[in-house]
Every structure is written in C-alpha cells, then in structure tokens.
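Worksheet for the structure shown next.
When reading the values below, keep in mind they use all heavy atoms of this one structure, side chains included, and skip hydrogens, waters and symmetry mates.
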Amino acid sequence: MARRDVRSDSSRLKAFDTKNKNLLRVVIETPKGSRNKYAFNAKDHVYELKTVLPAGMAFPYDFGFVPSTQGDDGDPIDVLVLMDEPAFPGCVLLCRIIGVIEGEQTEKGKKALRNDRIIAIQQDAHSWNDVKTAKDLEDHFCKELEQFFTDYHKLSKTDYKVLALKGPGRALRLIKAAKR
C-alpha cells in the first residue's frame, strides 16, 4: 500500500477565498507579540524558527504570507495583519486588503530588492472595523511600522527603506501580478 504524505502545504492554497473573492487568504507565520520569527519551509512543509528578536523587540502585528504568490525577493508576498487577538503559526485567515507598504531592501552594496508588505485586516476584527484603506491609519501608526521594519532588517544586516504607503487597489494589483 502506498504511503500518503499527510503534511499540509499551506503555501499551495488559493490566494483568494473561493466564496468571497474580495477576501484574501493569509497564512500566519509569526504572531503579534512574538520575539520568535517563524518561516514556512515549503520544501519540508514545516514552520521553522528563523530568528529570535532581541529583548524588548517583538512583532507589533501578526505577520504572514499570501499563498500561491511569489514576490521579487523569491518568497510569497508578505502580509501584515491587523486583528483583535494574535493568531498562531499556520493559522489561515480571511482578510480584507486595505493597502501596501512599498519598500525595498539592500544587502551590503547589492542591488536594491523590492520587499512590499500588504496590509490587511482580519474579516471579523472589531477594533479595526472602521479602517477601510491604509490612509485611514494614523501617521504615528505608519511611522512605528516603518521604524519596526527598519530595525528588524538591521538585525540581519540589510537596509530597509519605505518608499510609499498605497491603497487597496495597488495592493490588489501587486498580489495578482505575483500569483503563481
């Protein structure tokens, strides 16, 4: 009898919900408040510990990826998810897209690489119900996010520069262009 592979591969899910095409599927890798940065290893179908942030630094929001996509950096498109309570690695959420942080990263003199982050809100999040686009977020919120990504990349000896904060239309075009 042939042995079946029972490991799941969340990276192969469809990017959008099959019932409501306006909802984006997001697979959480790192939950809000975690110092541990997890990453999905599609080859082995497991979540691996990628790094541990220093004391006093933690992920400010849930962080994950859009399945069945590939960004310029070779990884699935990154998503920052705003929701009421943290999720857990491997949790699949349905989210509404509110925008994108367009950014680029540079490693020690190498060519700059685009590394955009979609911003989405989990569909049932009460605290974020009134936010419809990234422009609805306060300037202070956006500056804190920019500082987090800048500091986070410095830990891995890369520079990160935020280029722009764009709305849901731009984010949707980016996701569609990255579908595999």
Donor-acceptor pair, distance only, cut-off 3.5 Å: does the side chain of [X] make one with the backbone of [Y]?
X	Y	result
Lys135	Lys132	no
Lys37	Glu29	no
Asp17	Leu23	no
Asp44	Val46	no
Thr69	Ile77	yes

Sequence neighbours excluded, every pair satisfying side chain to side chain donor-acceptor pair (under 3.5 Å) that has a member inside residues 167-178:
Glu102-Arg170
Which side chain to side chain donor-acceptor pair (under 3.5 Å) pairs, counting each pair once, include a residue from residues 54-67, with sequence neighbours left out?
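For residues 54-67: none.
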For the residue pair Asn36 / Ser34, report whether a side-chain donor-acceptor contact shorter than 3.5 Å exists.
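Absent: no donor and acceptor within the cut-off.
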Side chains of Asp159 and Thr106: any donor to acceptor distance under 3.5 Å?
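No, no side-chain donor-acceptor contact under 3.5 Å.
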Take Ile101 and Phe149, measure what side-chain contact (heavy atoms from CB on, under 4.5 Å) needs, and give me the verdict at the end.
CA-CA 10 Å; Ile101 299 169; Phe149 286 122; 4.0 Å; yes
Co-membership, hydrophobic cluster, residues [X] and [Y], 4.5 Å side-chain:
X	Y	result
Leu82	Val26	no
Tyr38	Val52	yes
Leu165	Ile98	yes
Leu80	Trp128	yes
Val81	Val131	no

Around atom CZ of Arg35, are there more than 12 heavy atoms of other residues, nucleotides or ligands at under 6.0 Å?
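Buried by this count: over 12 neighbours within 6.0 Å.
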Does any non-hydrogen side-chain atom of Met83 lie less than 4.5 Å from one of Leu93?
yes
Shortest non-hydrogen contact between Pro31 and Pro86, atoms and distance
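Scanning both residues completely, I find the closest heavy atoms to be CB-CB, 4.3 Å.
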To the nearest 0.5 Å, tell me how far [X] [atom1] sits from [Y] [atom2].
X	Y	atom1	atom2	value
Arg12	Ser68	CZ	OG	8.5 Å
Leu145	Leu137	CG	CG	8.0 Å
Arg25	Cys95	CZ	SG	11.5 Å
Thr150	Leu155	OG1	CG	11.5 Å
Ser11	Arg180	OG	CZ	5.5 Å
Phe16	Leu94	CZ	CG	11.5 Å

Below 4.0 angstrom, N of the basic side chain to O of the carboxylate: do Glu85 and Lys32 qualify?
no
Throw together a table of side-chain donor-acceptor distances under 3.5 angstrom for residues 114-126, partners on residues two or more places apart or in other chains.
{"from": "Arg114", "atom 1": "NE", "to": "Gly103", "atom 2": "O", "distance (Å)": "3.4"}
{"from": "Arg114", "atom 1": "NE", "to": "Asp116", "atom 2": "OD1", "distance (Å)": "3.1"}
{"from": "Arg114", "atom 1": "NH2", "to": "Asp116", "atom 2": "OD1", "distance (Å)": "3.0"}
{"from": "Arg114", "atom 1": "NH2", "to": "Asp116", "atom 2": "OD2", "distance (Å)": "3.1"}
{"from": "Asn115", "atom 1": "ND2", "to": "Gln105", "atom 2": "OE1", "distance (Å)": "2.5"}
{"from": "Asp116", "atom 1": "OD1", "to": "Gly103", "atom 2": "N", "distance (Å)": "2.9"}
{"from": "Arg117", "atom 1": "NE", "to": "Asp78", "atom 2": "OD2", "distance (Å)": "3.3"}
{"from": "Arg117", "atom 1": "NH1", "to": "Tyr160", "atom 2": "OH", "distance (Å)": "3.4"}
{"from": "Arg117", "atom 1": "NH2", "to": "His153", "atom 2": "NE2", "distance (Å)": "3.2"}
{"from": "Gln122", "atom 1": "OE1", "to": "Asp124", "atom 2": "N", "distance (Å)": "3.0"}
{"from": "Gln122", "atom 1": "OE1", "to": "Ala125", "atom 2": "N", "distance (Å)": "3.2"}

Going by the side-chain contact (heavy atoms from CB on, under 4.5 Å) test, name the single residue among Thr30, Ile28, Val27 that passes it with Tyr47.
Val27
Hey, do the aromatic rings of Phe148 and Phe59 have their centres closer than 6.0 Å?
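Phe148 vs Phe59: aromatic centres under 6.0 Å.
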Report the C-alpha separation of Val66 and Leu24 in whole Å, then their side-chain angles, then the decisive distance to 0.1 Å, and conclude whether the side-chain contact (heavy atoms from CB on, under 4.5 Å) test is met.
CA-CA 8 Å; Val66 180; Leu24 182 68; 3.7 Å; yes
